[in-house]
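What follows is one structure encoded as structure tokens, with my remarks underneath.
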Amino acid sequence: DAKTTQPPSMDCAEGRAANLPCNHSTISGNEYVYWYRQIHSQGPQYIIHGLKNNETNEMASLIITEDRKSSTLILPHATLRDTAVYYCIVRVKGTSGSRLTFGEGTQLTVNP
Amino acid sequence: SAVISQKPSRDICQRGTSLTIQCQVDSQVTMMFWYRQQPGQSLTLIATANQGSEATYESGFVIDKFPISRPNLTFSTLTVSNMSPEDSSIYLCSVEGRGQRHTGELFFGEGSRLTVL
């Protein structure tokens, strides 16, 4: 699985959009970008994933650059409950083992 | 999606003892995964548990220290053997989502927080 690079921490004001970047310059053509988050003392939670097109669901939007070497997770209206560690992971979808390699992630703090 | 229950949610154990963590899933799954999260750190995969075969361990983890059982398609256990304070961690069970919409997603239990004195 390709390695990802994320800033260790970010701050965001409540109600504003939170934009979390991720670099994955060695991503392969068949690797997807997945985003998870982990709220303190809880198990990680799936947010969204994509291959090359931008994706949106009820939680967030995922913007993947045309060369697929980086992506941005967007929380359109951050709330205090969005404070968590956000992990960007790239892997081949559906491969046996479903091994996920977690990096250090970004600690997002949403401030009132 | 999948609902995953882990027991115990937390425990405090003495050095040298062993603890078995249980993971129950509300649907049948082929593979179950055990992760460890040491204090202040990210998640590390310990092993993949397949029903009907030996678990596959990641580099740095061995069966004698972390024996795993997988008796059926909805249940697995992880034992942390001969514990030392360095084993103090959160241990998490996870499974992959089923169906086209969820393929590739991992669902996690709430974890078992282990403190070794």
Side-chain angles (χ1 to χ4, degrees), chain A residues 1-9 22 27-28 30-53 55-60 62 64 73 84-108, chain B residues 1-7 9-10 21 23 25 29-51 53 55-61 89-115:
Chain A
D1 295 338
K3 178 179 172 58
T4 61
T5 304
Q6 299 176 251
S9 63
C22 179
I27 192 170
S28 300
N30 61 347
E31 288 184 310
Y32 286 68
V33 180
Y34 286 81
W35 282 84
Y36 286 76
R37 73 179 182 183
Q38 186 175 27
I39 297 171
H40 183 62
S41 297
Q42 297 183 20
Q45 175 190 25
Y46 165 83
I47 301 173
I48 197 168
H49 74 277
L51 181 63
K52 55 183 178 181
N53 297 321
E55 301 288 342
T56 296
N57 63 20
E58 63 277 7
M59 291 183 67
L62 174 60
I64 302 174
L73 178 74
V85 178
Y86 287 77
Y87 296 101
C88 168
I89 301 161
V90 294
R91 63 176 288 273
V92 178
K93 182 178 181 180
T95 52
S96 63
S98 296
R99 299 167 68 251
L100 287 185
T101 301
F102 285 81
E104 298 306 312
T106 296
Q107 171 66 59
L108 174 69
Chain B
S1 65
V3 177
I4 303 170
S5 301
Q6 282 188 237
K7 291 181 180 179
S9 58
R10 61 180 61 232
I21 301 167
C23 178
V25 188
V29 294
T30 304
M31 288 178 285
M32 298 174 74
F33 309 93
W34 286 99
Y35 285 82
R36 179 176 75 178
Q37 187 170 30
Q38 295 176 299
Q41 298 189 25
S42 185
L43 284 79
T44 301
L45 180 64
I46 298 172
T48 302
N50 298 321
Q51 196 270 332
S53 65
T56 302
Y57 288 83
E58 298 298 307
S59 175
F61 297 96
S89 296
I90 300 173
Y91 292 86
L92 295 134
C93 171
S94 72
V95 302
E96 185 175 18
R98 303 185 69 179
Q100 182 64 27
R101 180 169 179 267
H102 297 290
T103 300
E105 300 172 28
L106 278 195
F107 296 92
F108 287 83
E110 292 303 311
S112 299
R113 183 182 295 272
L114 176 62
T115 301

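Throughout, protein chains are lettered first and strands after them, A, B, ... in sequence-line order, and every chain is numbered starting at 1.
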In terms of relative ring orientation, are A/Tyr46 and A/Tyr36 parallel, tilted or perpendicular, with 30° and 60° separating the classes?
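A/Tyr46 and A/Tyr36: perpendicular rings.
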Give a yes-or-no answer on whether the side chains of B/Tyr91 and B/Arg36 include a donor-acceptor pair shorter than 3.5 Å.
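No, no side-chain donor-acceptor pair sits under 3.5 Å.
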Just checking, is any N or O donor in the side chain of B/Ser42 or A/Glu104 under 3.5 Å from an acceptor N or O on the other one?
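There is no such pair (donor and acceptor under 3.5 Å, judged by atom type) between the side chains of B/Ser42 and A/Glu104.
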What part of A/Gln45 is in contact with chain B, defined as an atom under 4.5 angstrom from a non-hydrogen atom: side chain, backbone, both or neither?
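Contact with chain B is absent: no heavy atom of A/Gln45 under 4.5 Å.
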Could you pull out the closest heavy-atom pair between A/Gln38 and A/Ala84, with the gap in Å?
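Closest approach of A/Gln38 to A/Ala84, heavy atoms only: O-CB, 3.4 Å.
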Is B/Gln37 in contact with chain A via its backbone, its side chain, both, or neither, using a 4.5 Å heavy-atom distance?
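Just its side chain gets close to chain A.
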Could you tell me which portion of B/Leu92 (side chain, backbone, both or neither) has an atom closer than 4.5 angstrom to a non-hydrogen atom of chain A?
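Only the side chain of B/Leu92 comes within 4.5 Å of chain A.
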